[in-house]
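Below, all heavy atoms of this structure are taken into account, side chains as well, without hydrogens, waters or symmetry copies.
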Amino acid sequence: MTDKTDYRATLNLPDTPFPMRGDLNKREPGWVKEWEDEGLYKRLREARCGRQKFVLHDGPPYANGQIHMGHAVNKILKDMIVKSRQLKGLDAAYIPGWDCHGLPIENAIEKKYGRNLPRDEMQAKSRAFATEQIALQMGDFKRLGVLGDWDHPYKTMDFGTEAGEIRAFKRVIERGFVYRGLKPVYWCFDCGSSLAEFEIEYADKKSQTVDVAFKSNDPAKLAAAFGLPALPQAKDAFAVIWTTTAWTIPANQALNLNPEIVYALVDTPRGYIIVAESLVEKVLARFQLSGQIVATTPGKNLGGLEFQHPLYDVDAGYRRLSPVYLADYATADDGTGLVHSSPAYGLDDFNSCMAHGLKYDDILNPVQGNGTYAADFPLFGGEHIWKAVPHIIDTLAKAGRLFATETITHSYPHCWRHKTPVIYRAAAQWFIRMDAGEGVFTKDKAPDTLRNMALAAIEETSFYPENGKVRLRDMIAGRPDWCISRQRSWGVPLPFFLHKDTNELHPRTMEILDVAAAMVDAGGIEAWSKASTEEILAKVGAGADAPQYNKSQDILEVWFDSGTTHTTVLKGSHKGAAHENGPEADLYLEGHDQHRGWFHSSLLTACAMYGRAPYRGILTHGFTVDSQGRKMSKSLGNGIDPQQVSSKLGAEIIRLWVAASDYSGDIAGDDKILARVVDAYRRIRNTLRFLLANVSDFDPAQDAVPRAEMLEIDRYALTRAAEFQQEVLAHFEVYEFHPVVAKLQVYCSEDLGAFYLDVLKDRLYTTAPKSLARRSAQTALWNITHAMLRWMAPFLSFTAEEAWKVFGSSESIFLEEYAEIGGPDPALLAKWNRIREIRDLANKQIEALRTAGQVGSSLQANLVITAPAEDHALLAALGDDLKFVFIASAVQLNAGDTLAIEARPSADTKCERCWHWRADVGSDPAHPALCGRCVSNLFGAGESRVHA
């Protein structure tokens, strides 16, 4: 060699086929195809067969429309959890599913083919449409790197699942929870059907308030109730109510007053008015009237008084009286302290009227399913209720019964799907009872009420985050009975026959349910729909009854479909997928809106059937929002599309974004946020590439160094990795990923990049290829790489698999389990953590020299460290290796009372091979450009490294 030799060729430079650029958008589809072609999911199941199960039950997305980023977040979170449990060694199956019945699909069919399709045609087209949508969504979910049983997903429209739902319904009936009743339920005019509590959301609505007067029908009784011998003047007296639903006034049948509130009789120019005493001043101001209180009395003294309907004198159809019923729900918080009661359109009104003896048949219910008053309804027949409000107000004003009106904006229930206002509307429906009462048939009566069982089950459930417990508990504690019938075509039938005269169920209903399940099992819901009443009843030996019975056309609402999948899927179509004892699933995971949706319906059905929850834990995540906190939506144009991001940046970036986000709140994303995620990905990938490149010539079977013989810094690196792995697995255990991503970035940049790998480069590159010094380092790197790939695999699935193809020995990283790297050594951690602290202080001094232009790299600097006894002993123990730890060419260590560090430019010569500045450069005439350690490493016995 000469002094002009290229010594680069003598270094052990890193080498790996793992590329620096991921080209994720181009290469990921190949991984997806390979996983599918090679049957990776099936191999995962075989690898964990017989192991302890972990069951994450998939809440089914609706089979309608392209997936959005909210879907992507949900599916990726599930995938990360399942993969983390698979790597733990558990049998963690993932069965994706779809919700297939219900109104949105019917709406899509009606938009395409028109309304009023025959039932058979609607069902056929709906089934075909759902099948197409599932195929499209499945492709998008696979593209996100989600591993699951895509060859055998569950669909609520599978014949077996439909039949299983009927059997589940039968079990709920047997337990005494199902009854038929007339009561107000939420009704959506766009749906043309009743809605459950789960399907309601609140939004602002503009309404026209009205203060309406009901004239006293017996002034003498009214005066006596107020302790007066008679009304002081011969003027009319009115009970005045305030409401935001003027459209309910025509159907008024009663007034409600609170027995404990004090009411005042007020003399005004428009007559005597009755309002809550505490509201007199506000009411008179609103009415723009002067007035004096004549008398007061508690509400209990006014019970039973009668008042004329406000339109009593306008049309004979309103010539009826409204009695006063006493009810606690009348308050003096606002309005007038009196509540008008239209029992068909309010739950409190309905309950009050029923409690006071009003009969079902006497309830006025003029509003039709499409929102119009019945054609023969007096004055307003045929008008839609929202459009009729101005007409009603005008009619009240002309009748002299309107005291005030104004427009307000208030929170109002809306249809979850259509975003349109809903009303309460009385209809004969089927319900699941929450509290004590009798069902239509009872064979194995539950030991407690459904509400009590559900509340008890919540106490046995773990929540992530914990505030979900209070939310679900409050919803269960206050919810009314569950209306489970819908007046639609595309869904699992309520297989009932009702007597034409009495509306009673056929006495052989329970046998009919078995027949229905068998028919649907063989031919789907279409088989039941097409069969005649006589044909079905004949199967239970009751064909002669057919002329007396009507076949119900109602279907079970879709929340019952998905809410029973814990039995129809996990114990039905996918037998063996559930835990055999106790709750079927370990975890249900959905957006936090599902406290009123799938979590809720699943809890109620499982408690009704089994007396317990179907899950051990519930995890909720937030909505996807933009950087300003606005929910992503097409109308705002602020969404990020998962398909576009995958094709531009790669699905791996979506996965890392999801993993890095705190899902307990809303998840913010936009192009700038994703750009930061790309930077984080590159840092992790570069670290991984360095690890792979420096173990490319390492065969652990021959080259691994026993732990006791490894250099101390290498043992520290392993114990730090063991400590980090404990943290990672602890986070995974409670379904946390964002702390792992944050800590992994710090681990890559600080523990590895800025310290261990920085120190290691000299030893890896300059010592003899097979020397103990280099093999010790490679042993540490090999173990760290094994561990790190497993930490990454749940969220950086494509990258971990790509690296595993270069590094690993098995077919897939997902067939592996978490690496065995031992436990952390507290003493070693404490020692080297302090060394790193001192090193950080030294680096600041070197950086000052570099800023001043006195040195280039840190190797051009020499350090003088003065240290107190404890630190001095710590550093002195490293011997000559101290300079390698501090990446300086020389370190002078002095004893002193306090820690002080000085950096000086080296006066020596730079070695062309190792770049250290040393006095012995050129000491060997044959190699004038090399230092003594490089000569020894290349041509001699090699340098001795003990600590670093």
Side-chain angles (χ1 to χ4, degrees), residues 208-244 246 248-250 252-258 261-316 318-326 330 332 334-342 379 392-406:
Q208 196 76 11
T209 70
V210 288
D211 288 270
V212 180
F214 289 68
K215 181 180 174 182
S216 173
N217 192 56
D218 193 334
K221 285 187 178 180
L222 175 64
F226 275 96
L228 300 173
L231 295 180
Q233 300 181 53
K235 294 197 294 189
D236 291 334
F238 303 96
V240 185
I241 65 91
W242 175 89
T243 182
T244 61
T248 63
I249 294 291
N252 172 272
Q253 291 186 269
L255 298 175
N256 286 115
L257 282 71
N258 190 306
I261 290 177
V262 175
Y263 291 89
L265 183 67
V266 186
D267 186 5
T268 77
R270 291 189 62 177
Y272 297 102
I273 63 171
I274 304 163
V275 296
E277 182 184 25
S278 62
L279 294 171
V280 169
E281 187 176 342
K282 288 183 179 179
V283 165
L284 291 177
R286 190 162 72 243
F287 296 171
Q288 297 182 359
L289 291 174
S290 60
Q292 298 293 323
I293 296 177
V294 175
T296 61
T297 191
K300 61 186 177 182
N301 293 338
L302 301 174
L305 293 179
E306 293 182 323
F307 293 81
Q308 297 173 5
H309 190 281
L311 303 179
Y312 187 94
D313 297 325
V314 179
D315 188 281
Y318 296 97
R319 198 153 294 153
R320 61 178 182 270
L321 302 178
S322 296
V324 170
Y325 296 147
L326 301 178
D334 52 23
T336 64
L338 292 81
V339 176
H340 105 89
S341 182
S342 295
L379 299 178
I392 293 169
I393 293 175
D394 184 58
T395 305
L396 289 169
K398 289 178 179 177
R401 298 294 184 262
L402 183 69
F403 272 57
T405 181
E406 64 176 334

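- The minimum heavy-atom distance between Arg320 and Pro250, with the atom names listed, is NH2-O, 2.6 Å.
- A donor-acceptor pair is defined here as one N or O able to donate and one able to accept, closer than 3.5 Å; such a pair exists between the side chain of Thr405 and the backbone of Thr209.
- In plain terms, the two heavy atoms of Asn258 and Ala330 that are nearest each other are ND2-O, 2.8 Å.
- Checked options Asn256, Leu255, Val339; the residue passing with Ile241 is Leu255 (criterion: side-chain contact (heavy atoms from CB on, under 4.5 Å)).
- For Asp315, there are no salt bridge (Lys or Arg N to Asp or Glu O under 4.0 Å) partners, not counting sequence neighbours.
- Here the shortest heavy-atom pairing between Arg270 and Gly400 reads NH2-O, 3.3 Å.
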side-chain contact (heavy atoms from CB on, under 4.5 Å) between His340 and Val212, worked out: CA-CA 9 Å; His340 105 89; Val212 180; over 6 Å; no

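- The closest donor-acceptor contact from the side chain of Asn252 to the backbone of Ala254 lies under 3.5 Å.
- At distances below 3.5 Å, not a single donor-acceptor pair connects side-chain atoms of Thr248 with backbone N or O atoms of Ser342.
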Distance-only check: which donor-acceptor pairs under 3.5 Å involve side-chain atoms of residues 273-295, not counting sequence neighbours?
{"residue": "Arg286", "atom": "NE", "partner": "Asp211", "partner atom": "OD2", "Å": "3.1"}
{"residue": "Arg286", "atom": "NH2", "partner": "Asp211", "partner atom": "OD1", "Å": "2.8"}
{"residue": "Arg286", "atom": "NH2", "partner": "Gly335", "partner atom": "O", "Å": "3.3"}

Could you pull out every donor-acceptor pair under 3.5 Å between side chains of residues 302-313 and any protein atom, sequence neighbours left out?
{"residue": "Gln308", "atom": "NE2", "partner": "Asn217", "partner atom": "OD1", "Å": "3.2"}
{"residue": "His309", "atom": "ND1", "partner": "Leu311", "partner atom": "N", "Å": "3.0"}
{"residue": "His309", "atom": "NE2", "partner": "Ile249", "partner atom": "O", "Å": "2.9"}

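- Counting only heavy atoms from C-beta outward, the side chains of Phe226 and Leu231 never approach each other to under 4.5 Å.
- By the 4.5 Å heavy-atom criterion applied to side chains, Tyr318 and Leu379 are counted as neighbours.
- Proximity of Lys235 to Asp267: side-chain heavy atoms (C-beta onward) are separated by under 4.5 Å at one or more points.
- Atom-to-atom distance recorded for Asn301:CG and Tyr263:OH is 12.0 Å, nearest 0.5 angstrom.
- Taking each heavy atom of Gly299 and Leu326 in turn, the nearest pair found is O-CD2, 3.3 Å.
- Note that the OG1 atom of Thr336 and the CG atom of Leu257 stand 8.0 Å from one another [nearest 0.5 Å].
- Nearest heavy-atom pair, Leu228 versus Pro232, reported as atom, atom and distance to 0.1 Å: CD1-CD, 4.5 Å.
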